[in-house]
Amino acid sequence: MIVAFSVAPSTDNSDGSVHDAVAAAVKVVRESGLPNSTSSMFTELEGEWDEVMDVVKRATEAVAAYGSRVSLVLKADIRPGYSGEITGKIERLEKAISEQE
């Protein structure tokens, strides 16, 4: 399964910045050893249900240290029997784009 998630604390910062909290969450994800990718809006993580949800939970707990409230947005692509899709989907997309040129 692939999970795309975004987690952030409530903040009192005048600029609304949450980069330190997000860095703590991404560190948890990267240290998990699971395939992952982070963009400006989401972090994607690939693995089995229990291991992926454990990482999401620990990343959320890491963010909780930065505020009294945490927001978590999560989307999952559950496709039993498939792995390597965190990169495979992108490779197929890029191929399709190049074939349309």
Side-chain angles (χ1 to χ4, degrees):
M1 82 183 297
I2 299 173
V3 168
F5 75 102
S6 174
V7 59
S10 57
T11 181
D12 293 337
N13 294 346
S14 60
D15 67 356
S17 179
V18 294
H19 63 269
D20 289 333
V22 172
V26 172
K27 184 177 181 198
V28 169
V29 171
R30 291 182 179 173
E31 290 176 350
S32 75
L34 295 175
N36 65 83
S37 176
T38 298
S39 69
S40 62
M41 296 287 293
F42 284 92
T43 294
E44 295 177 346
L45 182 62
E46 184 174 22
E48 296 299 319
W49 184 277
D50 290 340
E51 61 189 358
V52 167
M53 290 304 170
D54 176 63
V55 174
V56 171
K57 179 181 179 184
R58 290 187 291 116
T60 302
E61 290 169 346
V63 166
Y66 291 84
S68 60
R69 193 174 194 171
V70 177
S71 173
L72 171 66
V73 175
L74 186 142
K75 181 178 180 179
D77 180 359
I78 304 163
R79 194 173 184 194
Y82 287 81
S83 63
E85 291 297 285
I86 200 166
T87 55
K89 287 178 140 189
I90 299 301
E91 290 166 1
R92 291 188 299 275
L93 172 64
E94 292 298 334
K95 182 179 180 211
I97 291 169
S98 68
E99 289 173 353
Q100 291 181 8
E101 293 177 349

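All of these numbers come straight from a predicted model, not from anything done at the bench.
Criterion: ILVMFWY side-chain heavy atoms under 4.5 Å apart, direct or through other members. Under it, I78 and V55 are part of a common hydrophobic cluster. Using a 4.5 Å cut-off between side-chain heavy atoms of Ile, Leu, Val, Met, Phe, Trp and Tyr, with links allowed through other members, I90 and I2 fall into different hydrophobic clusters. M41 is not connected to F5 by any chain of hydrophobic side-chain contacts under 4.5 Å among Ile, Leu, Val, Met, Phe, Trp and Tyr, and they are in different clusters. Hydrophobic clustering (side-chain heavy atoms under 4.5 Å, transitive across Ile, Leu, Val, Met, Phe, Trp, Tyr) groups V7 together with L34. The same ILVMFWY cluster, assembled from side-chain heavy atoms under 4.5 Å apart, contains both W49 and V56.
Smallest separation of non-hydrogen atoms from I86 and P35: CD1-O, 3.8 Å.
Ion pairing between a basic and an acidic side chain is recognised when a charged N comes within 4.0 Å of a carboxylate O; E99 and K95 show such pairing.
Among residues at least two apart or in separate chains, salt bridge (Lys or Arg N to Asp or Glu O under 4.0 Å) pairs with a member in residues 35-55 are D54-R58.
Under the side-chain contact (heavy atoms from CB on, under 4.5 Å) criterion, I97 pairs with L93, E94, E101, sequence neighbours left out. Applying the salt bridge (Lys or Arg N to Asp or Glu O under 4.0 Å) rule to E85 yields the partners R79, R92; only residues at least two apart in sequence or on another chain are considered. Residues forming a salt bridge (Lys or Arg N to Asp or Glu O under 4.0 Å) with K75 (at least two apart in sequence, or on another chain): none.
The distance from atom OG1 of T43 to atom CG of L74, rounded to the nearest 0.5 Å, is 11.5 Å.
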When the side chains of residues 61-72 are checked against the rest of the protein, which donor-acceptor pairs come out under 3.5 Å, sequence neighbours left out?
none

Anything under 3.5 Å between a donor and an acceptor, one on a side chain of residues 18-30, the other on a protein residue two or more places apart or in another chain? List them.
{"unit_1": "H19", "atom_1": "ND1", "unit_2": "S17", "atom_2": "OG", "d": "2.4"}

